[in-house]
Visitor: 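The structure's right below; bear with me while I get my questions together.
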Number of protein chains: 2
Amino acid sequence: MTIQESGAARPAGRPRSEKAEKAIIEATLDLIGEGTGISELSIEAIASRAGVGKTTIYRRWSNKEDLVVDALATLKAPLPSLTGTSVRDDLISLLDAMRRDAGETRSRCVINIAMSEADRYPQLVARFLNRAVEPRKEAMRDVIERGIATGELRPDLDVAMGAAILTGTMLWHTKWAPAGALAPDLAERVVDAVLAGMAPLT
Amino acid sequence: MTIQESGAARPAGRPRSEKAEKAIIEATLDLIGEGTGISELSIEAIASRAGVGKTTIYRRWSNKEDLVVDALATLKAPLPSLTGTSVRDDLISLLDAMRRDAGETRSRCVINIAMSEADRYPQLVARFLNRAVEPRKEAMRDVIERGIATGELRPDLDVAMGAAILTGTMLWHTKWAPAGALAPDLAERVVDAVLAGMAPLT
DNA sequence: GGTTTACGAAACGGGACCGTTGCGTATCGG
DNA sequence: CCGATACGCAACGGTCCCGTTTCGTAAACC
């Protein structure tokens with residue numbers, strides 16, 4: 001028994017460069033964030049932008065889909081911490097996080113993939129949605145349920161519908177806002193409008 | 001002066017086949033409706049599906065973008081006729097039209113293009129949005145304004161925000177409805193939920 | 001019949017990527 | 001120093017699509 005290394009039995013030879021690995025994933029996320037669809041995402045483009053040989057990519061991932069999965073997995077989803085003081089404030093926090101994300105290339109990855117590639121890469125998108133949007137959806141559901149319990153929201157409110165209205169409205173704005181400028185108070189206005197409803201006070 | 005034809009001075013030789021023209025446009029719309037992005041849309045694929053030589057396509061359109069514009073232009077946008085009996089009914093009609101469209105390949109073209117290609121083909125998308133979504137947006141705005149005037153909607157309602165809430169919510173459902181099945185009563189439920197708002201009656 | 005134009009099919013040279021391989025160099029352990 | 005492995009780079013044959021050209025045929029006009 002010559003091998004007696006400490007723990008993880010380090011293989012001989014030059015170790016793989018973590019820097020290269022990061023550069024590859026960064027490049028991948030950059031391209032996706034810029035609107036490149038998964039189908040048009042090319043290994044050569046990733047390698048070129050990462051300043052890396054194609055070999056280095058193929059040595060780690062056997063196909064494009066695996067690389068994309070790993071790249072997206074590094075996108076951690078830091079949920080905004082909720083103050084819990086009022087349901088209105090918490091909803092604004094959640095929606096304002098969406099607004100802020102809409103401006104960042106990195107966070108655009110989520111929305112770009114989910115929007116355009118859902119039909120063609122259903123399993124990839126599904127695996128990823130569970131990680132990125134499910135926690136947010138759950139957080140919003142919790143807030144809404146709490147609001148119903150405390151009387152801040154109407155008792156007969158359909159929780160799923162409420163969440164759909166709020167997120168759908170924000171999503172609509174992030175995609176088709178005039179001139180792409182998202183007003184800083186957008187989340188607040190959306191929440192207040194949705195809370196109040198369109199019907200007049202009877 | 002030999003040329004003295006009746007009216008449109010028909011050019012000599014075999015006339016262009018209208019059937020081929022239609023087949024090309026049909027094939028284009030099919031592919032887009034199936035989720036093919038504009039960037040990956042290839043002339044060869046269109047020609048193949050249309051049962052047509054590439055020559056026949058290039059003879060009519062000098063580039064892919066022109067073809068796509070013409071193809072999308074044939075998508076007429078039959079707005080649902082509004083009964084005008086009540087604002088609630090009209091809003092349901094408008095939203096239910098969205099729900100029905102979401103199931104048809106042809107109508108999916110609009111949403112697919114607008115969603116995924118907005119960044120890369122801004123002028124094409126813009127030209128097309130004016131034709132397809134602007135009339136609908138305007139119809140909804142009219143209905144909402146009428147509702148405000150008749151007292152069916154709250155007088156302080158932000159018209160644009162109201163339209164965003166309704167269309168955004170429907171859009172959210174059409175894209176991410178569980179199992180892709182859109183319940184027939186979805187439009188009604190959305191309208192009622194949005195009208196009522198989430199806040200309890202004070 | 002003769003002319004003119006459109007048609008579908010096939011082939012062209014050119015470009016982008018594919019996934020793989022070989023090369024010379026760099027970096028680790030022994 | 002030596003063997004092993006990773007590195008960036010360049011090149012390979014292969015596939016897909018590009019936009020163009022050529023070919024034989026089809027359909028309109030005179």
Side-chain angles (χ1 to χ4, degrees), chain A residues 1-28 30-32 34-68 70-71 120-121, chain B residues 1-28 30-32 34-68 70 117 120-121:
Chain A
M1 296 304 164
T2 62
I3 302 176
Q4 196 81 16
E5 293 299 327
S6 62
R10 146 96 81 122
R14 176 178 176 176
R16 292 191 180 169
S17 159
E18 287 191 27
K19 197 167 68 176
E21 194 143 337
K22 279 190 180 177
I24 294 167
I25 287 183
E26 290 288 303
T28 306
D30 277 353
L31 289 170
I32 295 176
E34 288 169 10
T36 310
I38 296 189
S39 341
E40 355 170 29
L41 197 59
S42 79
I43 300 287
E44 301 212 324
I46 295 171
S48 164
R49 173 170 302 218
V52 145
K54 281 195 293 177
T55 331
T56 308
I57 296 182
Y58 281 113
R59 191 176 291 119
R60 295 158 209 263
W61 296 277
S62 57
N63 57 64
K64 187 168 62 183
E65 198 156 333
D66 285 357
L67 167 56
V68 172
D70 276 13
R120 267 171 299 179
Y121 300 87
Chain B
M1 296 305 165
T2 63
I3 301 175
Q4 194 83 14
E5 294 298 329
S6 61
R10 147 96 78 124
R14 175 178 177 175
R16 292 192 181 168
S17 159
E18 287 191 26
K19 198 166 68 176
E21 196 144 335
K22 280 190 180 177
I24 294 167
I25 287 183
E26 290 288 302
T28 307
D30 278 352
L31 288 170
I32 295 176
E34 289 169 10
T36 310
I38 296 188
S39 342
E40 352 169 32
L41 197 59
S42 79
I43 300 286
E44 301 212 324
I46 295 171
S48 163
R49 174 171 299 220
V52 146
K54 281 196 293 177
T55 330
T56 308
I57 297 182
Y58 281 113
R59 191 176 291 117
R60 295 159 209 261
W61 296 277
S62 56
N63 59 63
K64 185 167 63 181
E65 198 156 332
D66 285 357
L67 166 56
V68 171
D70 276 13
E117 316 282 349
R120 266 170 299 178
Y121 299 86

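Chain letters run A, B, ... following the sequence lines, proteins first, then strands; residues in each count from 1. Keep in mind that the numbers below use all heavy atoms, side chains included, and drop hydrogens, waters and symmetry copies.
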Visitor: Does C:dA6 have its OP1 or OP2 closer than 4.0 Å to a side-chain nitrogen or oxygen of B:S17?
Guide: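 Answer is no, no contact under 4.0 Å.
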Visitor: Of the options C:dT20, C:dT4, C:dC7, whose atoms approach the side-chain atoms of B:A12 most closely?
Guide: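 Within the option list, the nearest is C:dT4.
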Visitor: Which atoms form the tightest heavy-atom contact between B:T56 and B:V52, and what is the distance?
Guide: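 Nearest heavy atoms, B:T56 then B:V52: CB-CG1, 3.6 Å.
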Visitor: Starting at NZ of B:K19 and ending at P of D:dA27, how long is that distance when rounded to a whole Å?
Guide: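 Atom-to-atom, B:K19 to D:dA27, this comes out as 10 Å.
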Visitor: Figure out the CG/P separation between B:N63 and D:dT20, and round it to whole Å.
Guide: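 Roughly 11 Å, once rounded to whole Å.
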Visitor: Within the modelled atom types, does a donor on one side and an acceptor on the other bring the side chain of B:R14 and the base of D:dA27 under 3.5 Å apart?
Guide: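 It does not, because no donor-acceptor pair links the side chain of B:R14 to the base of D:dA27 below 3.5 Å.
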Visitor: CD of A:E40 versus P of C:dG15: gap in Å, rounded?
Guide: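 From A:E40 CD to C:dG15 P: 21 Å.
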Visitor: With sequence neighbours left out, which residue pairs that include part of residues 40-57 of chain A fulfil the salt bridge (Lys or Arg N to Asp or Glu O under 4.0 Å) condition?
Guide: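 For residues 40-57 of chain A, and leaving out neighbouring residues, the salt bridge (Lys or Arg N to Asp or Glu O under 4.0 Å) pairs sorted by first residue read A:E34-A:R49, A:E40-B:R120, A:E44-A:K54.
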Visitor: If a pair satisfies salt bridge (Lys or Arg N to Asp or Glu O under 4.0 Å) and one of its residues is in residues 55-64 of chain B, list it, with sequence neighbours excluded.
Guide: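 For residues 55-64 of chain B: B:E21-B:R60.
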Visitor: Just the atom pairs and distances: protein N or O near nucleotides 9-13 of chain D's N or O, under 3.5 Å.
Guide:
from, atom 1, to, atom 2, distance (Å)
D:dC9, N4, A:T55, OG1, 2.7

Visitor: Give me the atom names and distance for the closest heavy-atom approach of B:A23 to B:A50.
Guide: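 Looks like O-CB, 3.5 Å.
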Visitor: To the nearest Å, give me how far apart CD1 (B:I24) and P (C:dC7) are.
Guide: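 So the CD1-P distance, B:I24 to C:dC7, works out to 8 Å.
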Visitor: Give the intermediate values and the outcome of side-chain contact (heavy atoms from CB on, under 4.5 Å) for residues A:I24 and A:W61.
Guide: CA-CA 11 Å; A:I24 294 167; A:W61 296 277; 3.7 Å; yes
Visitor: Rounding to an integer number of Å, can you tell me how far B:D66 CG sits from D:dG19 P?
Guide: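 Distance, rounded to whole Å: 12 Å.
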Visitor: Output the rounded distance in Å from CD1 (A:I43) to P (D:dG14).
Guide: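 Spelled out: CD1 on A:I43 to P on D:dG14 is 22 Å.
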Visitor: May I have the distance from B:R49 (atom CZ) to D:dC17 (atom P), rounded to whole angstrom?
Guide: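 The distance from CZ of B:R49 to P of D:dC17 comes to 13 Å, rounded to the nearest Å.
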Visitor: What's the CZ-C1' distance between A:R16 and D:dA4, to the nearest Å?
Guide: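 To the nearest whole Å, that distance equals 14 Å.
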Visitor: Given B:L67 and B:L41, is the side-chain contact (heavy atoms from CB on, under 4.5 Å) satisfied, shown in steps?
Guide: CA-CA 11 Å; B:L67 166 56; B:L41 197 59; over 6 Å; no
Visitor: If you compare all heavy atoms of A:I46 against all heavy atoms of A:A27, which two are closest, and at what distance to 0.1 Å?
Guide: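 Nearest pair, atom of A:I46 first, then A:A27: O-CB, 3.8 Å.
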